[in-house]
Amino acid sequence: MSKPSLPQGTRDFSSDTVRKRNFIFSTIRNVFELYGFQPLETPAMENLDTLMGKYGEEGDRLIFKILNNGLNDPKNSSKATEGFHKALEGKSSPLLTERALKYDLTIPFARYVAMNHGQLTFPFKRYQIQPVWRADRPQKGRYREFTQCDADIVGSTSLLNEIDLANIYHSVFSKLGLHDYRLKINNRKILLALAEISGGAEFLTNITIAIDKLEKIGIEKVKEELSQRSLSNSQIERIVNYLNINGTNQEKLLKIRALFHNNMTAEEGIKELEYIVSRTTTVNIDIDLTLARGLNYYTGTIYEVKAPDTVQMGSIGGGGRYDNLTELFGVPNIAGVGISFGVDRIYDVMDELQLFPQNVNIGTKVLFFNMGEQESWFAYQTMNKLREKNIACELFHEASKIDKQFKYAERKNIPYVVIIGSNELDNNTCILKNLAKGQQEIIDIAVLSEKLV
RNA sequence: GUGGUUGUAGCUCAGUUGGUUAGAGCACCAGAUUGUGAUUCUGGGGGUCGUGGGUUCGAGCCCCAUCAUCCACCCCA
């Protein structure tokens, strides 16, 4: 047996990390609950055909597929061989694999709604916090197993939902202390209108992929890319005019209205943006007309959250409105809108900016020193009384040197130690020491629990 | 999927043009001293140099493969 190791792009989380992650999870969960969302969990794996074709060609390639069992059974051997040959041609085949690890939370949610729409109360607001898997090459801020926190509302076209979701973003990031996040908003209808006036609706994907890169590669490169995607110079000119729109949210809305004259599709999108932006003035939301987002099921509002500029990290959240997500599963006319938090990236950003509160890593509150046989047994009984009052404590396991016991407390980030030696035992007292302050006091054993609450 | 970086003790890293038994600091363990984490002193355990091949009289060092890592592209959270 060689040295044990982990699969590429996966991680163990040590207790420190788990505590910090839980701080993020509980913050998000509490806010979701505050806005009336209900929890949902779905399996780690889905049927492959539930997932395939929902994330584009690139997405399909990144889905972790699970090999069928029983391929070694002689009576399956011809099927297995056939399936294998298809795999060599780059096609996945149910003969070889018919299940896969989930790639995001939205599609499994859509599958759930399609299966249960008869029982659900609409509008249905659910939140979901679960790991997802992508067969991507790992790098900074990118893992093969990571956790998403999604909140979606289905069965409602009200823009109040969009306003709720913007407020959720603001509330969560404020509570996490991540004040410099940037929430961007755009509308797919505007992008669709842009495609219509500069080439045709079929260019939507090509155009969005190109303009999405504006911030990263600059206007000249975007022009190059657009011409490579077979757009004419006059078409590119229109797009450049669009991309040149700047200013405050209000100014952008004015300019874009002028640009599109009376284009019906654009006007719809503009009205929606206007509505949302005018009602979310407390959440520092920015209209970003270059925001496109890759997932092609979005049809209206789109959101993206960027990490503070001081850290090298792209998107830490995103979402949008979709008209007909469940139609893919045979249930039409259920509209929805949702957002997602990328916990792993939020963790990395918060860690880098040292935004975690000091006390997230406190587990045990008090360590009782072990000062000998009789002393420690008395300490043990005292400790149990504290536990009844919900104070987490532990007794050092043997009567070791003092400095060793101190080190243990320090490493476990235990804020208090209690020392009961022979003197204290005789007097019914104990020494309570606050390790952070380095201060200690001798107190009556009877008042110990009050001091620690 | 494409390109590059790195891999030596628990941690951070040395290790010369290839040359005896692979080192340091910190950490750890034991002991001396001490009713309060220090300092000091003495002793100790630990590494198949990521893994597998190859070249060589000889490989931590050179070559190939592989795994992992980090980074960039693509795409994305």
Side-chain angles (χ1 to χ4, degrees), chain A residues 1-11 14 24 28 55-63 90 102-106 129-150 169 181 205 208-210 212-213 216-217 221 225 291-296 303-307 312-320 338-349 367 369-372 375 396 399-411 414 417-426 429-442:
Chain A
M1 190 70 191
S2 54
K3 278 185 190 171
S5 63
L6 282 171
Q8 191 177 40
T10 66
R11 299 154 295 164
S14 56
I24 300 175
I28 293 173
Y55 309 106
E57 212 171 302
E58 181 76 10
D60 282 355
R61 209 166 52 77
L62 299 179
I63 293 171
K102 66 177 169 231
Y103 178 89
D104 72 355
L105 302 179
T106 308
I129 300 178
Q130 287 194 276
V132 299
W133 293 267
R134 295 184 190 178
D136 225 335
R137 184 83 69 95
Q139 65 182 69
K140 180 165 182 173
R142 175 181 301 186
Y143 307 98
R144 289 185 143 187
E145 178 184 64
F146 62 98
T147 304
Q148 291 193 326
C149 305
D150 280 26
Y169 267 139
Y181 78 95
T205 308
T208 55
I209 288 173
D212 204 21
K213 295 179 183 169
K216 201 166 186 177
I217 63 178
K221 294 268 180 189
E225 182 143 348
L291 177 62
R293 290 191 62 76
L295 291 170
N296 44 27
Y303 294 109
E304 183 150 304
V305 185
K306 295 270 188 194
Q312 200 73 24
M313 184 74 69
S315 170
I316 55 175
I339 53 168
S340 181
F341 289 84
V343 172
D344 304 78
R345 286 185 178 178
I346 292 171
Y347 177 96
D348 289 344
V349 169
L367 177 70
F369 275 16
N370 189 322
M371 307 299 286
E375 293 90 338
F396 198 78
S400 302
K401 287 184 186 173
I402 295 276
D403 68 326
K404 202 171 164 183
Q405 305 197 39
F406 269 118
K407 269 183 187 159
Y408 180 83
E410 193 174 63
R411 287 213 182 144
I414 299 173
V417 301
V418 167
I419 304 171
I420 302 172
S422 51
N423 294 343
E424 290 77 19
L425 196 58
D426 290 342
T429 59
C430 65
I431 298 171
L432 175 64
K433 182 163 185 171
N434 180 325
L435 290 185
K437 292 180 182 165
Q439 292 167 349
Q440 65 181 48
E441 53 183 334
I442 300 174

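Chain letters run A, B, ... following the sequence lines, proteins first, then strands; residues in each count from 1. The analysis underlying the following values was restricted to heavy atoms, covering all of them including side chains, and did not include hydrogens, waters or symmetry mates.
Between B:U6 and B:C71, the two C1' atoms lie 11 Å apart (nearest whole Å). Across B:G43 and B:U56, the matching P atoms stand 46 Å from one another, rounded to whole Å. Nucleotides B:G60 and B:U21 are separated by 15 Å at their C1' atoms, to the nearest Å. A distance of about 28 Å separates the C1' atoms of B:C11 and B:G52, rounded to the whole Å. The separation of B:A22 from B:U48, taken at their C1' atoms, amounts to 13 Å, rounded to a whole angstrom. Spacing of P atoms, B:G45 relative to B:G10, comes out at 15 Å, to the nearest Å.
Computed from coordinates, the A:E57 CD to B:C75 P distance equals 12 Å when rounded to whole Å. One can place CZ of A:F406 at 14 Å from P of B:U39, the figure rounded to the nearest angstrom. Atom-to-atom, CD of A:Q405 to P of B:A38 comes out at 13 Å; the value is rounded to the nearest Å. Between A:E424 atom CD and B:U36 atom C1' the separation is 11 Å, expressed in whole Å. Atom CZ of A:R134 and atom P of B:C76 are 9 Å apart (whole Å).
A:G372 comes within contact range of no nucleotide atom at all, as no heavy-atom separation falls under 4.0 Å. Residue A:R11 is classed as having no contact, given no heavy-atom separation below 4.0 Å to the nucleic acid.
Taking the six-membered ring for Trp and thresholds of 30 and 60 degrees, A:Y55 and A:Y103 have ring planes inclined between 30 and 60 degrees apart.
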Under 3.5 Å, which N/O atoms of the protein pair with N/O atoms of nucleotides 70-73 of chain B?
from: B:C71; atom 1: OP2; to: A:K140; atom 2: N; distance (Å): 2.6
from: B:A72; atom 1: OP2; to: A:Q139; atom 2: NE2; distance (Å): 3.2
from: B:A72; atom 1: N7; to: A:Q139; atom 2: OE1; distance (Å): 3.4
from: B:C73; atom 1: N4; to: A:Q139; atom 2: OE1; distance (Å): 3.4

Apply side-chain contact (heavy atoms from CB on, under 4.5 Å) to the pair A:M313 and A:D348, showing each step before the final yes or no.
-> CA-CA 9 Å; A:M313 184 74 69; A:D348 289 344; 3.6 Å; yes
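Judged by atom type and distance alone, A:E410 reaches the base of B:G37 through a side-chain donor-acceptor pair under 3.5 Å.
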